[in-house]
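Before any comments, here is the structure.
All of these numbers come straight from a predicted model, not from anything done at the bench.
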Amino acid sequence: MPELPEVEVVVNWLSRTVRERQIERVEVKYPRLIRALSPEAFSRRLKGGTIIKIGRRGKYILIELDKDRTLLVHLRMTGEFFYVGNDREIRKQTAAVFYLDNKHKLVFDDHRHFGVMKLAQTSKLENTEELSALGPEPFGKDFTDKYLYGVLQGSARSIKELLLDQTKVAGLGNIYAAEALFAAKINPKLRANELSKSQANRLHKGIFDVLNRAVKTGKKAVKHADESIENYFEGGYDRFAVYRREGKPCLRCGSMIKRIVQGSRSTFYCPNCQKK
DNA sequence: ACCCTCACCTGCACGC
DNA sequence: TGCGTGCAGGTGAGGG
């Protein structure tokens, strides 16, 4: 579900919910969830670990434990954490369970099973193949308009597809790529190297604004109708300007939002506002 | 090095 | 009701 803003919300929620907790025991229900280690070795190495802090890099959640251990988590499409009492039954979509030292457990559900977890050394985190490949953080100092323009100059791919490339900028996905292009009034079909400097600058600002707004207005942890289940709230699609708004009026000009396919994924845009 | 398609999974909404 | 199709916010492998 997650692009940078959603991952950020999960990170904040995890931080409030499980930081300083100790992991007493781990059960892996879906073995392919775990990369690089057997589920048994994974469980063994996590056992007894105390959660020190939770962070994020791109769309990766970084759960730092004591003793030089960090758990990397990628939610992919449908990964989701729940915080529940120990007696709660395990569901069929549950991929892993972390039993904590307070009679609660952190459950990782993932009905499509695309999600990934990997245990790494905290001291070598940046060298992992997952993180070392990532481009700059959109909120970081390395992500300048100059940097973006340089990246665009080097690619003939469509600008929309380029924005999904995590090695160029980390954290954008299908929603916010489209939203950023709308904010910047840039046609998603444009080749990256066809963008002018001023378009690149607009896009840079669009990316920042769209992600920033999503993080701020985004979502918060909620108790479900069943009060004993807590996870983070999914805000829904209504807050997007173009994403999944095919056939609806553009919020800026009233023209009909269009859907096209690029790289076998949907792109939504306003043909009038995003002519160039 | 790039670009494209497919594969990985499950479930839901749709039309017939 | 059932079945087929298309779609889903992500990525990595493998081909050209």
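- Residue-to-nucleotide contacts include a donor-acceptor pair under 3.5 Å from the side chain of A:Arg112 to the base of C:dA8.
- Between B:dC2 and A:Lys168, no contact under 4.0 Å exists linking OP1 or OP2 to a side-chain N or O.
- Partners of A:Asp109 by salt bridge (Lys or Arg N to Asp or Glu O under 4.0 Å), not counting sequence neighbours, listed by chain and number: A:Arg91.
- Among the atoms of the strands shown, none is found under 4.0 Å from any heavy atom of A:Arg35.
- Within the structure, no pair that satisfies the salt bridge (Lys or Arg N to Asp or Glu O under 4.0 Å) test touches residues 181-197 of chain A, not counting sequence neighbours.
- In terms of modelled atom types and a separation under 3.5 Å, the side chain of A:Ser43 and the main chain of A:Pro39 share a donor-acceptor contact.
- The side chain of A:Arg259 lies closest to C:dA8 when the candidates are C:dA8, C:dT11, B:dC8.
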Identify all pairs in which a protein N or O lies below 3.5 Å from an N or O of nucleotides 13-16 of chain C, and state each distance.
none

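- As rounded to whole Å, 6 Å separates atom P of C:dA8 from atom CZ of A:Phe268.
- Within the structure, every pair that satisfies the salt bridge (Lys or Arg N to Asp or Glu O under 4.0 Å) test and touches residues 158-169 of chain A, not counting sequence neighbours, is listed here: A:Arg157-A:Asp165, A:Asp165-A:Lys168.
- In this structure, A:Phe114 does not count as stacked on the base of C:dT11 under the 5.5 Å centre distance and 30° plane angle limits.
- Taking the P atoms as reference points, C:dC3 lies 24 Å from B:dC8, given to the whole Å.
- The stretch residues 248-261 of chain A participates, sequence neighbours left out, in no salt bridge (Lys or Arg N to Asp or Glu O under 4.0 Å) pair at all.
- Atom pair A:Asn174:CG and C:dT11:P shows a separation of 11 Å (rounding to whole Å applied).
- Sorted by first and then second residue, the salt bridge (Lys or Arg N to Asp or Glu O under 4.0 Å) pairs involving residues 202-212 of chain A (not counting sequence neighbours) are A:Lys205-A:Asp209.
- Across C:dA8 and B:dC3, the matching P atoms stand 23 Å from one another, rounded to whole Å.
- Atom pair A:Glu246:CD and C:dG6:C1' shows a separation of 13 Å (rounding to whole Å applied).
- For the P atoms, the distance from C:dG10 to B:dA1 is 26 Å, rounded to whole Å.
- Going from atom CZ of A:Arg76 over to atom P of B:dA7 covers 17 Å, rounded to whole Å.
- Under the ring pair (Phe, Tyr, Trp, His ring centres under 6.0 Å) criterion, A:Phe98 pairs with no residue, sequence neighbours left out.
- Under a 4.0 Å N-O distance rule, the pair A:Lys105/A:Glu27 does not qualify as a salt bridge.
- Checking side-chain atoms of A:Glu179 against main-chain N and O of A:Val242 turns up a donor-acceptor pair under 3.5 Å.
- Taking a 4.5 Å side-chain heavy-atom cut-off between Ile, Leu, Val, Met, Phe, Trp and Tyr, the cluster of A:Ile260 extends to A:Tyr269.
- The interatomic distance linking A:Leu172 (CG) with C:dG10 (C1') rounds to 13 Å, in whole Å.
- If you measure from atom CD of A:Gln93 to atom P of B:dC12, you get 10 Å, rounded to the nearest angstrom.
- Using a 4.0 Å cut-off, no side-chain N or O of A:His74 falls inside it from OP1 or OP2 of C:dG10.
- Distances from the side chain of A:Ser266 to the nucleotides B:dG11, C:dC7, C:dG12 place C:dC7 closest.
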TODO: Represent DNA chain B in dot-bracket notation, 5' to 3'. Only Watson-Crick or G-U wobble pairs with both distances under 3.5 Å count; pseudoknot-style crossings use [ ] and interstrand partners use |.
DONE: .|||||||.|||||||
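- Within the structure, a side-chain polar atom (N or O) of A:Lys59 is placed less than 4.0 Å from OP1 or OP2 of C:dT11.
- Shown here are the ring pair (Phe, Tyr, Trp, His ring centres under 6.0 Å) partners of A:Phe108, two or more places apart in sequence or in another chain: A:Phe81.
- Distance CG (A:Asp165) to P (C:dG10): 13 Å, rounded to an integer number of Å.
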Contacts table for residues 112-119 of chain A: side-chain donor-acceptor under 3.5 angstrom, sequence neighbours left out:
residue, atom, partner, partner atom, Å
A:His113, ND1, A:Asp110, O, 3.1
A:Lys118, NZ, A:Glu130, OE1, 3.2
A:Lys118, NZ, A:Glu130, OE2, 3.3

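- As a whole-Å value, the separation of A:Leu33 CG from B:dT10 P is 14 Å.
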Taking only N/O atoms, report every protein-nucleotides 3-5 of chain B pair under 3.5 Å with atom names and distance.
residue, atom, partner, partner atom, Å
B:dC3, OP1, A:Arg157, N, 3.3
B:dC3, OP2, A:Arg157, NE, 3.3

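- Here CG of A:Asn193 is found 7.0 Å from CD of A:Gln153. Values are rounded to the nearest 0.5 Å.
- Taking side-chain N and O atoms only, A:Gln166 has no distance below 4.0 Å to OP1 or OP2 of C:dG10.
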